[in-house]
Amino acid sequence: MIRLAVFGHPVAHSRSPALHRAFAGQASVDLDYRAIECRAGALAEALADFAAAGGRGCNLTVPLKEEGARLADRRSAAVSISGAANTLVRDGDAWTADNTDGAGLVADLDRLGIDVSGRRVLVVGAGGAAAGVLPAVAARGPAALHVVNRTAQRAEELAARIQADDVALRGSGFEGIGDSGFEVILQATSLGHDGKVPPLDPAWLAGGAVAYDLNYGDAHGPFADWCAERGVACHDGIGMLVEQAALAFERFTGFRPETGPVHEAMRRG
Ligand code: ATR
């Protein structure tokens, strides 16, 4: 029996338990995967209890990704750069932190046939979600990578933290964007949860630009509408959710799940 969990607040509606149970079925693994409520500041205690109960690994969701990165004993490069962890693996008596969000996003972009290498990419938002995916996107070698955010300083600092050879990387506020022709838009703000969209100017986009919203479900609705009204092709973040979970499952168990059937099942609800 493998004991895994997802910690967060709120966590009741997390899709992670269903995803990991589907992967466990493929791997013929006996899995106990729970969603555990944990508020900001309470993760150290929750992890100690979980480890004492035999927990082998866990996923972290809002608002615990930065706290998890700080608490871990070891960090992957993706965590060191982004400061955000979505996966903790118990290794002896230590926690190793990883972030599979970026690799999950890139895997989903591949699945959808959206190539960011050599393209002009606009990342909207500079919070934990944007930080988590930016290193993996930068590693694909876009021709330009621009982080735009309400708080310009946060975008500038995030852009400065990402090491990317041969990538023109910039951060700015919406008013200071001073750039256009973006071919791929990655929407990583939390505005959709309030029924809002970021103040994007369609003039910044190249003809035929494609958008990917890291949100899904109701939080994706406002941006989906914004894109539809402007003829911009747009995808939600359900596929990224599946792919990041599959990569986390592989970290936990060594088994790499096949994601195709799970994507189909998620679309069916
Ligand atoms: P997450 O982990 O989901 O990224 P976060 O770290 O709180 O959450 O970041 C939320 C993102 O949505 C940030 O980019 C935030 O912009 P600021 O850095 O300026 O706060 C953005 N966001 C949230 N509410 C917003 C609003 N009303 N207008 C514009 N951007 C907003």
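Along the sequence shown, residues are numbered consecutively beginning with 1. In each ligand, atom 1 is the first atom listed, and ligand 1 is the first ligand listed. Since the structure is predicted, the reported quantities are computational estimates derived from the model, not experimental observations.
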Asker: Salt bridge check: are Arg119 and Glu183 linked by an N-O gap of less than 4.0 Å?
Answerer: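 A salt bridge is present here (some side-chain N lies under 4.0 Å from a carboxylate O).
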Asker: Looking only at non-hydrogen atoms, find the nearest pair between Phe23 and Ala245 and report the distance.
Answerer: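 Taking Phe23 first and Ala245 second, the nearest heavy atoms are CE1-C, 3.6 Å.
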Asker: Who's the nearest protein heavy-atom neighbour of atom 9 (O) of ligand 1, and how far?
Answerer: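 Sorting protein heavy atoms by distance from atom 9 (O) of ligand 1 puts Gly127 CA, 3.4 Å first.
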Asker: So if I count the atoms of ligand 1 from 1 in the order they appear, which ones are less than 4.0 Å from some heavy atom of Ala126?
Answerer: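 Atoms satisfying the 4.0 Å criterion: 14 (O).
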Asker: Suppose we measure from atom 10 (C) of ligand 1 to each protein heavy atom; which comes out shortest, and what is that distance?
Answerer: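 Heavy-atom neighbour on the protein nearest atom 10 (C) of ligand 1: Ser190 OG, 3.4 Å.
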Asker: Among all the protein's non-hydrogen atoms, which is closest to atom 21 (C) of ligand 1, and how far away is it?
Answerer: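 Atom 21 (C) of ligand 1 sits closest to the protein heavy atom Thr189 CB, 3.9 Å.
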Asker: Heavy atom under 4.0 Å from ligand 1: found in Arg150's side chain, backbone, both, or neither?
Answerer: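 It is both parts that get close, each with some atom under 4.0 Å.
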Asker: One residue to check: Asn149. Relative to ligand 1, which of side chain, backbone, both or neither has a non-hydrogen atom less than 4.0 Å away?
Answerer: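 For Asn149, the contact with ligand 1 is made by the side chain alone.
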Asker: Should we count CZ of Arg34 as having more than 12 external heavy atoms under 6.0 Å?
Answerer: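 No, because the 6.0 Å sphere around CZ of Arg34 holds 12 heavy atoms or fewer from other groups.
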Asker: For Tyr33 and His20, take the angle between the two ring planes, folded into 0 to 90°, and tell me which bin it lands in: parallel under 30, tilted 30 to 60, perpendicular over 60.
Answerer: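 Answer is parallel, since the angle falls under 30°.
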Asker: With Cys58, which of Val6, Leu4, Asn86, Leu47 fulfils side chain to side chain contact (heavy atoms under 4.5 Å, CB included)?
Answerer: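 Option passing the side chain to side chain contact (heavy atoms under 4.5 Å, CB included) with Cys58: Leu47.
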Asker: Does ligand 1 come near enough to Lys196 that some N or O of the ligand is less than 3.5 Å from an N or O of the residue?
Answerer: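 The answer is no, given that Lys196 and ligand 1 share no N or O pair closer than 3.5 Å.
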Asker: Looking only at protein heavy atoms, which one is nearest to atom 19 (O) of ligand 1, and how far off is it?
Answerer: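 The closest one turns out to be Thr151 OG1, 2.5 Å.
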Asker: Which ligand 1 atoms are under 4.0 Å away from a heavy-atom of Gly125?
Answerer: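 Matching atoms, with element in brackets: 14 (O).
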Asker: Return the residue, atom name and 0.1 Å-rounded distance of the protein heavy atom closest to atom 4 (O) of ligand 1.
Answerer: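 Protein heavy atom at minimum distance: Ala129 N, 2.9 Å.
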Asker: I need the nearest protein heavy-atom contact for atom 8 (O) of ligand 1: residue, atom name and distance, please.
Answerer: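 Nearest protein contact, heavy atoms only, for atom 8 (O) of ligand 1 is Gly128 N, 4.3 Å.
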Asker: Taking all non-hydrogen atoms of both residues into account, name the closest pair between Ala248 and Thr100 and its distance.
Answerer: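 That would be N-CG2, 3.9 Å.
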Asker: Is a side-chain donor-acceptor pair under 3.5 Å present for Thr87 with Asp98?
Answerer: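 No, Thr87 and Asp98 have no side-chain donor paired with an acceptor closer than 3.5 Å.
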Asker: I'd like to know if Leu105 and Leu145 are part of one continuous hydrophobic network [Ile/Leu/Val/Met/Phe/Trp/Tyr, side-chain heavy atoms within less than 4.5 Å].
Answerer: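 Linked within one cluster.
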Asker: Using a 4.0 Å heavy-atom cut-off, which part of Leu191 comes near ligand 1: side chain, backbone, both, or neither?
Answerer: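 Under 4.0 Å from ligand 1, Leu191 contributes side-chain atoms alone.
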